[in-house]
Student: 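Here you go, one structure.
Note that these values count all heavy atoms, side chains included, but never hydrogens, waters or copies made by symmetry. Counting starts at 1 for both ligands and their atoms, following the listed order.
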Amino acid sequence: MGLLIRGGEIVTAESRSRADILIEDETISRIGLDFDVPAGTEVIDATGKLIFPGFIDPHVHIHLPFMATFAKDTHATASKAALIGGTTTFIEMVCPSRNEDALDGYNVWKQKAGGHSACDYAFHMAVTRYDANTEAQLREIVEDGTASFKIFLAYKNFFGVTDEEMFNTLTLASSLGVITTAHCENAELVGQLQQLLLAEGKTGPEWHEPSRPEAVEAEGTSRFATFLGQTGATGYVVHLSCAPALRAAVEAKLRGVKLHVESVLPHFLLDKSYAERAGVEGMKHVMSPPLRDKRNLQVLWSALKAGLIDTVGTDHCPFDTAQKLLGAKAFAQIPNGIPGIEDRVNLMFTYGVKRGGLDLHRFVDALSTRAAKLFGLFPRKGTIAVGSDADLVVYDTEYRGTVSASTQHCNNDYSGFEGFAIEGRPSVVTVRGKVQVRDGVFVGEPGRGRMIRRKPQYFAQGVTHAG
Ligand code: URP
Ligand code: ZN
Ligand code: ZN
């Protein structure tokens, strides 16, 4: 049976218009007014509502063995939370540790998601070691439709790569036409600073930020960019958090380095004072790169408006209160991460579009379209067009609510955004034409999500040596 979404205002990254949308066989078959609708078509009245393309979260962790524990969500819980918040596709980081086999890890992540996710998904493949088997394994993974890599310059001896491994990964990525995403912090400096602070008895969560100061992230960003320039690879900095790192990224772009920038929800709304709260309240707000000095928030918002920040992800990474307490004696042992997969769209709409002067089309671009383009999902995802997957968010801008752990769907016992007001939420969310959410309630098919296979798209015309 087809579905007609009638009477809403369609908003994409480029345009805004009143039109009806007909969905047949999982895709959009017609957009317009006053066209004939096949008998038996279900009608959704979207009068007074905005209709956005399904939102895409380019940076999530669901299955994640990390810091002596596992992130809390399953694909069932995280995907429902994503959908209720308007995210219809996420890209999860496959993160086997350095001691694990990459291909085995890839298959584990695929099995965890397959048949369990209610929304569509793709993967970034983390390269956490580069040895004699890596090239063949990565070729196989790319062939399977995972056309983006992830490297960590941080987390020495666990996920982190050496400069030599970064060079080899980027050289291979360049020849395969694959984009490489990177966590940019200098691992050596972080380790040394952690030891110094702990030796001085500075053990609480308020010392997490001083152990990985802005300069440490700026150095990582700058080094990643230099390696991109010398290998001709295309890169994407994940969760950029501060002005010095942004400056390093922009300087590299000006030199001609092919570099894109993501910032994540916590860095737009929370500052380091949250991690300075006493005890476990502070620990709940420990992530890396850390929440920063307040002055950075305005810089990130301005950069987002200007398009210097391409995308907004979440870095969704839920550890509950008991897990956070693993670091009660030493901040370096607090599992890093803040959940947000359910809250990104509503919070960015409220504090960006409604209250912060963020252009509505830039909002759609940064939270959906740009990620689709950068990661090879476009135009199947990330827009509203005939032939695209019918992933749609009918958005109620009149809704008023508050973010709270007591009402969230992510599998965690706290919210990093507890008490934040929201002005707007999805009233209907479809995934490939099937209604999965109505007014904050999951009403769909739990295991409906599919892995979206992507093709490489970054073939260099010879190495550019952009610096
Ligand atoms: O603190 C964070 N960001 N946790 C998840 C792992 C990562 O670095 O992305
Ligand atoms: Zn990271
Ligand atoms: Zn992450």
Student: Hey, does the Lys NZ or Arg CZ of Lys80 hover above the aromatic six-ring of Phe442, less than 6.0 Å from the centre and inside 45° of the axis?
Tutor: yes
Student: Got the closest protein heavy atom to atom 4 (N) of ligand 1, with its distance?
Tutor: Asn336 O, 3.1 Å
Student: Could you check whether Arg448 pairs with Asp120 (Lys NZ or Arg NE/NH1/NH2 to Asp/Glu carboxylate O, under 4.0 Å)?
Tutor: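 Answer for the salt bridge query: no.
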Student: Pairs of nitrogen or oxygen atoms closer than 3.5 Å, one from His61 and one from ligand 1: do any exist?
Tutor: yes
Student: Tell me if the aromatic rings of Phe90 and His59 count as close, with their centers under 6.0 Å from one another.
Tutor: no
Student: If you count the atoms of ligand 1 from 1 in the order shown, which ones are under 4.0 Å from a heavy atom of His59?
Tutor: 9 (O)
Student: Answer yes or no for Lys354 and Tyr351: cation-pi contact, defined as NZ/CZ to six-membered ring centre under 6.0 Å and angle to ring axis within 45°.
Tutor: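 Not satisfied by the 6.0 Å and 45° rule.
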Student: Answer yes or no for Phe159: is there a heavy-atom contact with ligand 1 below 4.0 Å?
Tutor: no
Student: Out of all atoms in ligand 1, which are within 4.0 Å of some heavy atom of Met287? Include the element for each.
Tutor: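 Listed by number with element, the hits are 1 (O).
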Student: Is the NZ atom of Lys305 crowded by more than 12 outside heavy atoms at less than 6.0 Å?
Tutor: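 Atom NZ in Lys305 is packed in, count exceeds 12.
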Student: Which of the atoms in ligand 1, numbered in the order shown and given with their element, are less than 4.0 Å from a heavy-atom of Ser288?
Tutor: 1 (O), 2 (C), 3 (N), 8 (O)
Student: Would you name the N/O/S atom of Asp315 that lies closest to the Zn ion (ligand 3)?
Tutor: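 Nearest N/O/S atom of Asp315: OD1.
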Student: Does some side-chain heavy atom of Phe375 sit less than 4.5 Å from a side-chain heavy atom of Thr181?
Tutor: yes
Student: How wide is the angle at the Zn ion (ligand 3) between NE2 of His61 and NE2 of His59, to the nearest 10°?
Tutor: 110°
Student: For the rings on His267 and His239, is their centre-to-centre separation under 6.0 Å?
Tutor: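 No, the ring centres sit 6.0 Å or more apart.
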Student: Among the N/O/S atoms of His183, which is closest to the Zn ion (ligand 2)? Give the atom name.
Tutor: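 It is ND1, the N, O or S atom of His183 closest to the Zn ion (ligand 2).
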Student: Starting from atom 7 (C) of ligand 1, what is the nearest protein heavy atom, named by residue and atom, and what distance separates them?
Tutor: Tyr155 OH, 3.6 Å
Student: Surrounding CD of Glu164 (heavy atoms of other residues, nucleotides or ligands, distance under 6.0 Å), is the total greater than 12?
Tutor: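 Check fails, neighbour count at 12 or below.
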Student: Only heavy atoms of Asp315, strictly under 4.0 Å: list the atoms of ligand 1 that pass.
Tutor: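 Ligand 1 atoms under the 4.0 Å threshold to Asp315: 2 (C), 3 (N), 5 (C), 9 (O).
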Student: Check each atom of ligand 1 against the heavy atoms of His239 and keep those under 4.0 Å away; list them by number with element.
Tutor: 8 (O), 9 (O)
